[in-house]
Each structure stands twice: as C-alpha cells, then as structure tokens.
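Source: prediction; values computed, not measured.
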Amino acid sequence: MLEQAVFTIILMYLLIVQLFNARLMKPMIETLGRGRVYEQTVKSSWGLSLLLLALVFLFGVPPDMVGLGFAPLEGDMSAWKFFFFTTILISVLLAFYLLVKTSSRLRRRLRPYYELEIERLLLPRTDIEAKAWSAVSWTAGVTEEFIFRGVLLYTVSLYLDVSSLTLAFIGGALFGLAHAYQGVRGVLVTGIVGWGLGYLYLAMGVLWPVMVVHTLLDLIAGPIHVVDSETD
C-alpha cells in the first residue's frame, strides 16, 4: 500500500535524523542557546505532525486508527477502566507539577534526578526560558504522541500482527532510540516511558489523555534547574 510505504519512509527518516542529532544536540545548544533550540524544536515538530496529519486524511486512514478520537468505544469496559485510570494519573501529575513549580525546596530535592549532561544543558535556567519550555512541553506532548504512538504504531501494525503489549514495546524501543541525544540512560528511560504510554494508548484507543500525561511529565522537568535567587 502507498500509505504504508510513505509512512514508513517518513518515520525511518525521522529516526535517522534523530540518531544523527545525538551528536549535534550539545553543540547546537552551546552555539545557538536554549531559546533558539526550543524554537526550532517547536517549529519542526509541528511541521512534521501537520504533514503526517494531512497524509492521514489524504490516504483515508480512519482517524480512530491513529488515536484521533475523544473517548473509548461505548461498551468497551476495559478501555474505559484505563481511561479513568489515566484521568486520575493526570490529576496526580498536575498536582505534582504545581508543587514543583511553587516549591523551591522540592525542586532542590529533585535536581539530582535531572543531572544528565544533556538535561543540564537543555532544561531552562531562567524564568523566560521556563516559559518557552512550556511551549516545548505542549509541543512534545501532542506531536510526539501523534507521531510515535498514533502514526508509528499504526504503521507497525500494518507489518506485524502482534499483541498490544508487544506493539507498545516496539514503539517504546523506537521512541527511546529517537531520544539517543540523551545518552544510554536517557534512551532506556524514554523507552520505558514510551512503552507505558503506548500501552495506555492501545488500551484506551484514544491519544489525547496520553498527550496530556506526556506534556505534564515534560512540564515537571521545566522548573527543576530554574533558580529562585530568594529561596534557592
């Protein structure tokens, strides 16, 4: 099928570019600065997502096949259980994010968990950068879930007839590789997170709750290295 070939080529190109960027990320941040890197990330992510969205409609792919629905199917109790679990998870993450944002003491306690070299380089240091990071977080939450959970898992399913658990594992592994710029530990962590988000998505059949979870995880990291001169 044409759609299978096109989606495969685009996704393979994305993974190759991300692997290549693993060597370039540090010099880019040091040369351009965090703000410029944030801006480029937002533009490129939305550009690719809009291209894939256009292709989804061009090829007549049912929107629900790439997670573009509002709620699980009526009567699917298993999907609804995962949906309600995810809404609870969102509430917990939102509360935790507000605590991180307002508590310098909590930020200091969390910093040792965000001490990878790329994290120290990439995460915001000033209030202005933190505001820009919010745009990056929402962009990553929406576009990466659409690309790596919606379109990628749909494309893989065109090749392989496997269980949701296995499909989520494959997606998580590729998602981890796409974050190669974070190093081995970063690849493992993002791969595990990607597997979990992928399984949640496949269990529910809708992407938007997973997008919100992803966004909140990134938002939580935002204030960690922002220093409050009065309290930090």
Side-chain angles (χ1 to χ4, degrees), residues 1-25 28 32 36-69 118 122 135-164 166-182 186-187 189-202 204-215 217-218:
M1 290 188 294
L2 180 61
E3 67 177 270
Q4 184 175 347
V6 172
F7 285 143
T8 301
I9 291 170
I10 292 175
L11 292 170
M12 287 182 64
Y13 172 77
L14 171 62
L15 288 170
I16 292 171
V17 168
Q18 291 297 92
L19 289 171
F20 183 71
N21 281 345
R23 293 178 175 270
L24 298 179
M25 183 61 71
M28 283 177 57
L32 300 177
R36 186 70 181 278
V37 172
Y38 293 170
E39 181 183 350
Q40 290 183 354
T41 298
V42 169
K43 289 180 178 179
S44 61
S45 298
W46 281 110
L48 178 58
S49 294
L50 290 174
L51 171 62
L52 288 171
L53 182 62
L55 290 172
V56 165
F57 287 102
L58 178 65
F59 290 131
V61 178
D64 61 292
M65 295 297 292
V66 290
L68 300 181
I118 190 62
L122 187 60
V136 174
S137 298
W138 280 105
T139 295
V142 174
T143 64
E144 288 188 1
E145 291 309 310
F146 176 63
I147 295 169
F148 286 97
R149 249 60 74 185
V151 177
L152 175 63
L153 295 187
Y154 168 72
T155 303
V156 173
S157 71
L158 296 177
Y159 290 96
L160 302 173
D161 183 15
V162 294
S163 68
S164 294
T166 302
L167 187 59
F169 177 80
I170 295 171
L174 295 174
F175 185 64
L177 287 175
H179 290 77
Y181 66 89
Q182 295 183 13
V187 168
V189 171
T190 54
I192 292 170
V193 171
W195 170 79
L197 294 175
Y199 187 73
L200 278 179
Y201 157 58
L202 293 170
M204 292 184 293
V206 289
L207 265 178
W208 73 261
V210 183
M211 290 177 173
V212 177
V213 170
H214 187 152
T215 299
L217 290 173
D218 286 352

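- In this structure, the side chain to side chain contact (heavy atoms under 4.5 Å, CB included) partners of Leu160, at least two apart in sequence or on a different chain, are Val156, Val162, Ile170.
- Among residues two or more places apart in sequence or in another chain, the ring pair (Phe, Tyr, Trp, His ring centres under 6.0 Å) test is passed with Phe146 by none.
- The side chain to side chain contact (heavy atoms under 4.5 Å, CB included) check on Tyr38 picks up Arg34, Leu122, Pro124, Glu129, Ala132, Trp133, Val136, with sequence neighbours excluded.
- Looking only at distances, no side-chain donor or acceptor of Tyr201 sits under 3.5 Å from a matching main-chain atom of Val210.
- Every side chain to side chain contact (heavy atoms under 4.5 Å, CB included) that Gln4 has, sequence neighbours left out, goes to Met1, Thr8, Leu158, Tyr159.
- Side chains of Thr143 and Trp46: no donor on one and acceptor on the other come within 3.5 Å.
- Enclosure of atom CE in Met25 by more than 12 non-hydrogen atoms of other residues, nucleotides or ligands within 6.0 angstrom is indicated.
- For Glu39, the salt bridge (charged side-chain N to carboxylate O under 4.0 Å, His left out) partners are Lys43, not counting sequence neighbours.
- Every residue two or more places apart in sequence or in another chain that forms a side chain to side chain contact (heavy atoms under 4.5 Å, CB included) with Leu14 is listed here: Gln18, Leu48, Ile147, Phe148.
- The backbone N or O of Val42 lies less than 3.5 Å from no partner atom in the side chain of Ser45, so there is not a single donor-acceptor pair.
- Among the candidates Val189, Val193, Thr190, Ile118, the single residue satisfying the side chain to side chain contact (heavy atoms under 4.5 Å, CB included) test with His179 is Thr190.
- With values rounded to the nearest 0.5 angstrom, Leu153 atom CG is found 9.5 Å from Glu145 atom CD.
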